[in-house]
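Here is how names work: the chains are called A, B, and so on, in the same order as the sequence lines, proteins then strands, and each is numbered from 1. No experiment lies behind these values; they were computed from the predicted model shown.
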2 protein chains.
Amino acid sequence: MVRKMDKYDINTEERILKAAKSVFHRKGMYGARMQEIADEAGINKAMLHYYFRNKENLFKAVFRDAVEKIFINVSKFLESEGTIDESIKNFVENYIDIMIENIYLPPFILNEINQNPEKLSEFFKPLLESLPVQLIKKILKETSENKIKPIDPRDFIINIISLCIFPAIAKPIVKELFNMDDEKFIEFLKNRKKSIPEFIINSIKLT
Amino acid sequence: MVRKMDKYDINTEERILKAAKSVFHRKGMYGARMQEIADEAGINKAMLHYYFRNKENLFKAVFRDAVEKIFINVSKFLESEGTIDESIKNFVENYIDIMIENIYLPPFILNEINQNPEKLSEFFKPLLESLPVQLIKKILKETSENKIKPIDPRDFIINIISLCIFPAIAKPIVKELFNMDDEKFIEFLKNRKKSIPEFIINSIKLT
DNA sequence: GTCTATATAGGGATAGAC
DNA sequence: GTCTATCCCTATATAGAC
């Protein structure tokens, strides 16, 4: 796996991984073809097996990377310090930025989990267990102190995540529905960094 | 395609279609196997080709049915008469009922569209063009008359759809996150028939 | 219409030379 | 480490008997 290389070169393993991401993200585990990955990496199929032994291993490397990018950060931002309002703004802004940079990942991950739910325990369990404890406590506290409208913390968490992630999953439909090209679509997402926190904060604040 | 049959029997074509739905919904176009569909229908592979000629045709029949179930209804409920509040309640309640009955469809459809965006024009275009015109007008009117907080109608539409559909797409994660079995998960969705309209109406009403 | 048997191709994986 | 050639299984699809 280790190879002397030119400073400006990138090594074969990285080239493969990059190509594998591109193909798996678009086509999923079963739609992807090893040949296509090899072509995109500019090498031949045998190399894929030399570095990753089989398709399943290569896929897992890609999937693990995707989960880390998308879910490690959910965890981090959901648990931030400060008031609820600050937490919401912080989460949404950071999360939509991640989404814009990795627009293919949410459909890729969610599709894989729906088709293979057992992957959940293999990749997510440690993440999920520790996830939103702090935030739930914060919501319950603010509710009991009459600082926000009462809301089931589970609904709150699902709502904020839904509003951030769903447009990435429905991208082709959203673009078609509102006649957007890619640029307009990104602009739409960027605007949601402001509109989603407003939407959520309005809905929970006392009148 | 037509066959005399016992009153309590269902004909072969329907058996195939039913089995095909079950398998395609769970595994998608590329993960599904014709053999598995044949087994589940209780017939052999040759029959699949006799009735549908090839896998692609069979898949399209299943996909078309899914799109009609999920999107015809979006269109219908989004355009209902009455005040905005009534429209929201009407849409969410009806849509979550549909979701509960067809929990596999949203991930199935969205995955297929993400992997094959060209399917969009083939199956959706007529639907999408006529979609939310009335609702957009209603929102703009209420905004200009200072009856609700100003909101981009596109955000409004995406928000309401996100809140309804996302839990279906993330079902395995939601169940894991909150330690739900299937029954608890359905209960959670049913509760959202009330909580989502509250959430949305609070966020847009003037204080 | 329904079955068994088989053709054909595609794709993952390996062997072996360099 | 990288390549070419090839193996071999799997899955779609067809042929043909009943």
Side-chain angles (χ1 to χ4, degrees), chain A residues 1-64 108 111-112 115-116 119, chain B residues 1-64 108 111-112 115-116 119:
Chain A
M1 302 262 187
V2 185
R3 187 183 68 123
K4 287 265 183 259
M5 58 175 183
D6 183 79
K7 187 177 165 188
Y8 300 105
D9 199 9
I10 64 170
N11 67 39
T12 304
E13 190 172 352
E14 284 170 26
R15 295 238 310 276
I16 292 173
L17 215 41
K18 191 179 168 201
K21 283 179 195 174
S22 162
V23 176
F24 278 129
H25 290 171
R26 281 180 286 114
K27 309 265 180 94
M29 170 66 184
Y30 303 110
R33 294 287 164 257
M34 296 293 265
Q35 185 61 60
E36 192 179 352
I37 295 172
D39 290 347
E40 199 158 320
I43 44 103
N44 57 49
K45 277 193 295 178
M47 287 278 86
L48 303 181
H49 292 91
Y50 177 80
Y51 279 95
F52 291 89
R53 204 173 85 248
N54 57 34
K55 188 181 183 183
E56 177 71 14
N57 275 352
L58 183 51
F59 178 83
K60 281 186 179 175
V62 172
F63 188 69
R64 178 168 292 111
F108 169 67
N111 176 50
E112 188 56 29
Q115 286 179 8
N116 277 81
K119 288 244 169 68
Chain B
M1 301 264 189
V2 184
R3 188 182 65 123
K4 288 265 183 261
M5 58 172 185
D6 184 349
K7 187 177 164 189
Y8 300 105
D9 199 10
I10 64 168
N11 67 41
T12 304
E13 190 172 351
E14 284 170 28
R15 296 239 309 275
I16 291 174
L17 215 42
K18 191 179 167 200
K21 283 179 195 172
S22 163
V23 175
F24 278 130
H25 290 170
R26 280 180 287 112
K27 311 265 180 92
M29 170 66 184
Y30 303 109
R33 294 290 164 255
M34 296 293 264
Q35 185 61 60
E36 190 179 355
I37 295 172
D39 290 347
E40 200 158 321
I43 44 104
N44 58 50
K45 279 192 294 177
M47 287 280 85
L48 302 181
H49 291 90
Y50 178 78
Y51 279 95
F52 291 89
R53 205 174 84 248
N54 59 35
K55 187 182 183 181
E56 177 71 14
N57 274 352
L58 183 50
F59 179 82
K60 281 185 178 177
V62 172
F63 189 69
R64 179 169 293 110
F108 169 67
N111 176 50
E112 189 56 31
Q115 285 178 9
N116 276 80
K119 287 244 169 68

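- The side chain of Thr12(B) contributes no N or O atom lying less than 4.0 Å from OP1 or OP2 of dG1(C).
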Worksheet item: Are Phe108(B) and Phe24(B) close enough, and set up right, to give a ring pair (Phe, Tyr, Trp, His ring centres under 6.0 Å), and what steps lead you there?
Response: CA-CA 8 Å; Phe108(B) 169 67; Phe24(B) 278 130; 7.2 Å; no

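- Rounded to an integer number of Å, the gap from CZ of Arg15(B) to P of dG1(C) is 14 Å.
- Within the model, atoms OH of Tyr50(A) and CD1 of Ile43(A) stand 12.5 Å from one another, a figure rounded to the nearest 0.5 Å.
- Atom P of nucleotide dG1(C) and atom CZ of Phe52(B) are separated by 13 Å, given to the nearest angstrom.
- For the segment residues 19-37 of chain B, the set of residues with a heavy atom within less than 4.0 Å of an atom of DNA chain C is empty.
- Considering only side-chain N and O atoms, Asn44(A) lies under 4.0 angstrom from the phosphate OP1 or OP2 of dC3(D).
- For the pair Asn116(B)/Met29(B), no side-chain contact is recorded, criterion being any heavy-atom separation below 4.5 Å from C-beta on.
- Leu48(A) places its CG atom 15 Å from the C1' atom of dT4(D), with the value rounded to the nearest Å.
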Please enumerate all protein N or O atoms sitting under 3.5 Å from an N or O of nucleotides 14-18 of chain C, with distances to 0.1 Å.
none

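- Leu17(B) places none of its side-chain heavy atoms less than 4.5 Å from the side chain of Glu14(B).
- Between Asn44(A) atom CG and His49(A) atom NE2 the span is 11.0 Å, to the nearest 0.5 Å.
- Side-chain contact check for Tyr30(A) versus Lys27(B): every heavy-atom pair is 4.5 Å or farther apart.
- In terms of heavy atoms, Ile37(B) sits closest to Ile16(B) at CG2-O, 4.2 Å.
- Summarising the geometry, the separation between OH on Tyr50(B) and P on dG1(C) is reported as 4 Å, rounded to the nearest angstrom.
- Put simply, CG on Asn54(B) is 5 Å from P on dA13(D), counting in whole angstrom units.
- Tyr51(B) has its OH atom 17 Å from the P atom of dT14(D), to the nearest Å.
- Per the geometry, CE belonging to Met47(B) stands 15 Å off P belonging to dA13(D), to the nearest Å.
- The salt bridge (Lys or Arg N to Asp or Glu O under 4.0 Å) test with Glu40(A) is passed by exactly one of Lys18(A), Arg26(A), Arg15(A), Arg33(A): Arg26(A).
- Across residues 55-62 of chain B, Lys55(B) each have a non-hydrogen atom less than 4.0 Å from an atom of DNA chain D (numbered order).
- Proximity of Leu48(A) to Lys55(A): side-chain heavy atoms (C-beta onward) are nowhere separated by under 4.5 Å.
- Between His25(A) and Val62(A), the closest side-chain pair of non-hydrogen atoms falls below 4.5 Å.
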